[in-house]
Amino acid sequence: MAAAQKLLSTRTQLQAATDAYVQHNFDPRYKRRVDSLNNVITEQLGDLSDRYILSPLATKKDLVDQKLQLQLQNQLSKNSSGAINKEIDRLNTKFDALVPHEAATQALESAIDIASKEYLEVLQKYNQASMESNFSTQLRLVEIAEPGSAQPSKKMLLVIISGVVSFVFCVAVLFILFFFDYSVKMLMNWPIGPERRY
């Protein structure tokens with residue numbers, strides 16, 4: 001019975017060590033403790049089976065030991081999954097708590113942007129007003145300007161002037177050509193009459 005009680009005590013220690021291993025984010029130091037307790041349980045089960053090797057109930061004892069070992073592994077798996085699920089729930093809770101804060105932060109950032117734009121607009125208006133108020137001389141309207149009477153169109157005059165200028169230019173070109181063209185002068189000096197020979 002003492003060996004069975006030691007086995008139960010070791011199983012309890014293994015369960016506590018497994019919980020600590022999971023809660024400390026699978027720290028290798030706790031993993032060594034879990035492996036050590038697993039080895040102790042294996043040795044204790046071997047001692048229990050060696051004591052009853054000559055007993056006619058040895059087969060039954062082997063099956064009981066195997067059952068105890070499988071129950072132990074099942075319990076360890078359940079404890080590990082339970083601790084992992086608790087950790088997942090805790091992390092999900094923290095994540096859910098962060099999401100509303102993120103939305104509030106974005107709302108505050110947009111409010112800050114709007115307030116900064118409004119502040120810049122007000123500052124610009126204030127600077128303009130202060131600059132206008134610092135002027136020593138104020139502009140005063142002395143006389144209202146009005147448009148004068150409409151002038152007559154000069155289109156026909158411009159057309160006539162351009163025509164006269166074009167005519168004078170053409171006459172000048174023809175005169176220059178006539179003055180410098182020797183063939184015209186020779187033709188004018190050529191004798192006219194029956195004595196003219198070709």
Side-chain angles (χ1 to χ4, degrees), residues 6-44 67-166 169:
K6 285 182 181 180
L7 180 61
L8 291 175
S9 174
T10 309
R11 284 179 63 185
T12 305
Q13 292 176 8
L14 180 60
Q15 182 176 351
T18 306
D19 291 341
Y21 173 59
V22 173
Q23 289 175 358
H24 288 88
N25 293 327
F26 303 99
D27 193 349
R29 292 178 295 176
Y30 293 94
K31 174 70 169 133
R32 288 194 292 269
R33 171 93 173 141
V34 170
D35 292 340
S36 164
L37 289 172
N38 275 328
N39 293 333
V40 170
I41 288 175
T42 304
E43 290 176 3
Q44 289 176 352
K67 178 185 175 185
L68 287 173
Q69 191 169 3
L70 291 174
Q71 285 177 350
L72 175 66
Q73 291 176 358
N74 186 22
Q75 190 66 28
L76 287 174
S77 300
K78 286 181 180 178
N79 290 336
S80 299
S81 64
I84 291 172
N85 288 332
K86 286 180 183 177
E87 187 68 17
I88 290 173
D89 291 339
R90 185 181 68 82
L91 293 174
N92 284 333
T93 304
K94 288 180 75 174
F95 177 74
D96 292 338
L98 285 176
V99 171
H101 294 305
E102 184 69 22
T105 304
Q106 289 180 355
L108 290 175
E109 287 177 354
S110 62
I112 288 171
D113 291 339
I114 294 171
S116 63
K117 289 178 183 177
E118 291 177 354
Y119 171 74
L120 291 175
E121 290 177 1
V122 171
L123 181 63
Q124 184 179 2
K125 290 179 181 178
Y126 171 75
N127 289 335
Q128 185 176 358
S130 63
M131 185 177 64
E132 290 175 356
S133 65
N134 288 334
F135 281 149
S136 58
T137 57
Q138 299 290 331
L139 296 177
R140 224 166 20 97
L141 184 63
V142 176
E143 185 178 352
I144 300 175
E146 293 182 358
S149 59
Q151 296 291 329
S153 176
K154 298 179 180 180
K155 182 178 180 181
M156 287 302 297
L157 180 63
L158 292 175
V159 170
I160 292 171
I161 290 173
S162 63
V164 169
V165 169
S166 300
F169 180 74

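Start at 1 with the first residue, then count along the sequence. Every value quoted in this text rests on a predicted model; they were computed, and no experiment measured them.
Atom CD1 in I88 sits 11.5 Å away from atom OG1 in T93 (nearest 0.5 Å). One finds the CG atom of D35 at 11.5 Å from the CZ atom of R33 (value rounded to the nearest 0.5 Å). Atom-to-atom distance recorded for S162:OG and L157:CG is 9.5 Å, nearest 0.5 angstrom.
Residues satisfying the side chain to side chain contact (heavy atoms under 4.5 Å, CB included) test with L158, not counting sequence neighbours, are none. Considering only residues two or more places apart in sequence or on other chains, I112 meets the side chain to side chain contact (heavy atoms under 4.5 Å, CB included) condition with none of them.
In R90, the CZ atom is crowded: over 12 heavy atoms of neighbouring residues, nucleotides or ligands sit closer than 6.0 Å.
For the pair S36 (side chain) and R32 (backbone), a donor-acceptor distance under 3.5 Å is absent.
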